[in-house]
A.B. asks: 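I have a structure I would like to understand better, so I am pasting it below and will then ask my questions one at a time.
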Amino acid sequence: MTYALLIGQKSYSSWSLRGWLAFTAFDIPVEVHSALIYGDSFYDDVAAFGGHRTVPAVRTPKGGLLTDSLAIGWHLAEAFPDHGLLPEDPRARATAMSTIAEMHSGFTALRGACPMNLRTGWAGFEPSEAVLSDVARVDQLFQEALDASGGPFLHGAISLVDVFYAPVVTRLLTYGLPMSEPTRAYAQAVTRLPVFQKWREAGLTEDDELAIYDMPHLQRVPFPLL
Ligand SMILES: N[C@@H](CCC(=O)N[C@@H](CS)C(=O)NCC(=O)O)C(=O)O
């Protein structure tokens, strides 16, 4: 028995991207199943998998069920302690856990105003004060971690923190949000990751474009691959 993971559309489901990267960025085998968010049978498909109304969901080989990306990350870090999901150094590990939790429960203005869309970038987006405040905090977290680790990822080698912030990085890029130079270099490291590129390219071929993700009054620009 292996892990089974249920995800939504790759171009649009930011929590699914996190769930999938938590396996694939660390070479943990997983069988991937899909359900269409906004499709007529979405909730039935999630229930048939064993989940409850949202993706990602995971069935563990021992019969456990994880219905939340944070639980998936913590579970895999515990089950695969040698795969580098969290930094070894206790101080960096504490910071990493806090940074992940801050993302999971926060940045609501940024997340609300700038949905993840891996197909399209938007020119002319005017961020509110609340969005700019979220972006400034993200930049601060990135700069502090990169200063301490030396990069190229937040804690040196890729870890769960990068997994949780990958859809934040793409939002910075696709909505043209302000970034410091270290954050821009970090964004490049994330978008050049082969696992990220694999996910994005699969989304471009598999997913229908969803009009619900259109940004009225903004101009479409190609997705910025730095
Ligand atoms: N807290 C959850 C959030 C999951 C979530 O909201 N997923 C979205 C897709 S990105 C979803 O399934 N939305 C469907 C709905 O809420 O109806 C997690 O971390 O996994």
Side-chain angles (χ1 to χ4, degrees), residues 3-26 28 30-60 64-79 85-86 96-120 122 134 138 141 159-175 190 195-196 198-200 202-204 206-215 223:
Y3 283 90
L5 165 70
L6 183 69
I7 57 170
Q9 289 94 318
K10 295 186 174 82
S11 300
Y12 302 109
S13 179
S14 60
W15 296 109
S16 296
L17 170 57
R18 294 178 176 102
W20 184 82
L21 283 175
F23 286 92
T24 51
F26 306 99
I28 300 169
V30 64
E31 185 184 277
V32 179
H33 303 247
S34 300
L36 293 180
I37 304 168
Y38 305 114
D40 292 341
S41 64
F42 178 68
Y43 295 123
D44 290 341
D45 294 343
V46 176
F49 182 85
H52 181 68
R53 297 185 73 84
T54 60
V55 285
V58 164
R59 293 194 306 252
T60 75
L65 179 70
L66 305 162
T67 59
D68 183 279
S69 59
L70 191 58
I72 295 167
W74 290 167
H75 169 84
L76 294 177
E78 191 178 77
L85 278 84
L86 289 170
M97 293 173 90
S98 174
T99 308
I100 290 169
E102 191 167 330
M103 192 283 120
H104 189 257
S105 62
F107 302 123
T108 47
L110 173 63
R111 282 159 52 193
C114 307
M116 185 187 88
N117 182 339
L118 301 184
R119 306 175 76 87
T120 313
W122 302 98
D134 280 353
V138 167
L141 286 167
S159 74
L160 272 183
V161 193
D162 307 296
V163 164
F164 272 80
Y165 280 82
V168 176
V169 162
T170 67
R171 286 167 161 105
L172 296 180
L173 295 170
T174 55
Y175 292 89
V190 171
V195 274
F196 172 77
K198 186 175 169 191
W199 170 275
R200 178 168 181 263
L204 290 177
E206 290 168 16
D207 299 338
D208 288 333
E209 191 150 335
L210 294 181
I212 195 168
Y213 285 89
D214 279 350
M215 301 293 293
F223 181 93

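Only heavy atoms go into these numbers, but all of them, side chains included; no hydrogens, no water, no symmetry mates. Just follow the structure's listing: the first ligand is 1, and inside any ligand the first atom is 1. Everything quoted here is computed from the prediction, not taken from an experiment. By convention here, the first residue in the shown sequence is residue 1.
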A.B. asks: Classify the ring geometry of Tyr213 against Tyr12: parallel below 30°, tilted from 30° to 60°, perpendicular beyond 60°.
C.D. replies: parallel
A.B. asks: Starting from atom 12 (O) of ligand 1, which protein heavy atom do you reach first, and at what distance in Å?
C.D. replies: Val55 N, 2.9 Å
A.B. asks: Mark up the atoms of ligand 1 that fall under 4.0 Å of a heavy atom belonging to Ile37, in ascending order.
C.D. replies: 9 (C)
A.B. asks: What protein heavy atom is closest to atom 6 (O) of ligand 1, reported as residue, atom name and distance in Å?
C.D. replies: Trp15 CD1, 3.8 Å
A.B. asks: In the structure I gave you, are the side-chain heavy atoms of Ser16 and Trp199 within less than 4.5 Å of one another anywhere?
C.D. replies: yes
A.B. asks: Any atom of ligand 1 sitting under 4.0 Å from a heavy atom of Pro56?
C.D. replies: yes
A.B. asks: For atom 11 (C) of ligand 1, which candidate among Ile7, Leu17, Val46, Thr54 holds the nearest heavy atom?
C.D. replies: Thr54
A.B. asks: Can any side-chain N or O of Gln9 pair as donor or acceptor with the backbone N or O of Asp208 at less than 3.5 Å?
C.D. replies: no
A.B. asks: Just need the protein heavy atom nearest to atom 1 (N) of ligand 1, so name the residue and atom and give the distance.
C.D. replies: Asp68 OD2, 2.9 Å
A.B. asks: Does even one non-hydrogen atom of His104 get within less than 4.0 Å of ligand 1?
C.D. replies: yes
A.B. asks: Give the numbers and elements of all ligand 1 atoms closer than 4.0 Å to a heavy atom of Ser13.
C.D. replies: 9 (C), 10 (S)
A.B. asks: Could you list which atoms of ligand 1 come closer than 4.0 Å to a heavy atom of Phe42?
C.D. replies: 12 (O), 14 (C)
A.B. asks: Does some side-chain heavy atom of Leu204 sit less than 4.5 Å from a side-chain heavy atom of Phe223?
C.D. replies: no
A.B. asks: For atom 19 (O) of ligand 1, what is the closest protein heavy atom, and at what distance to 0.1 Å?
C.D. replies: Ser69 OG, 2.6 Å
A.B. asks: Does Tyr175 reach the main-chain N or O of Leu110 with its side chain, forming a donor-acceptor pair under 3.5 Å?
C.D. replies: no
A.B. asks: For Phe49 and Val55, run side chain to side chain contact (heavy atoms under 4.5 Å, CB included): C-alpha distance rounded to whole Å, both residues' side-chain angles, the deciding distance at 0.1 Å, then the answer.
C.D. replies: CA-CA 10 Å; Phe49 182 85; Val55 285; over 6 Å; no
A.B. asks: Donor-acceptor check, side chain of Asp207 to backbone of Ser11, threshold 3.5 angstrom: yes or no?
C.D. replies: yes
A.B. asks: Keeping the roles fixed (side chain from Arg59, backbone from Leu6), state whether a donor-acceptor pair exists under 3.5 Å.
C.D. replies: no
A.B. asks: Any heavy atom of Tyr12 sitting closer than 4.0 Å to ligand 1?
C.D. replies: no
A.B. asks: With only distance considered, is Thr67 within less than 3.5 Å of ligand 1 through an N or O on each side?
C.D. replies: no
A.B. asks: Which of the numbered atoms in ligand 1 are under 4.0 angstrom from any heavy atom belonging to Tyr43?
C.D. replies: 15 (C), 17 (O)
A.B. asks: Keeping the roles fixed (side chain from Arg171, backbone from Cys114), state whether a donor-acceptor pair exists under 3.5 Å.
C.D. replies: yes
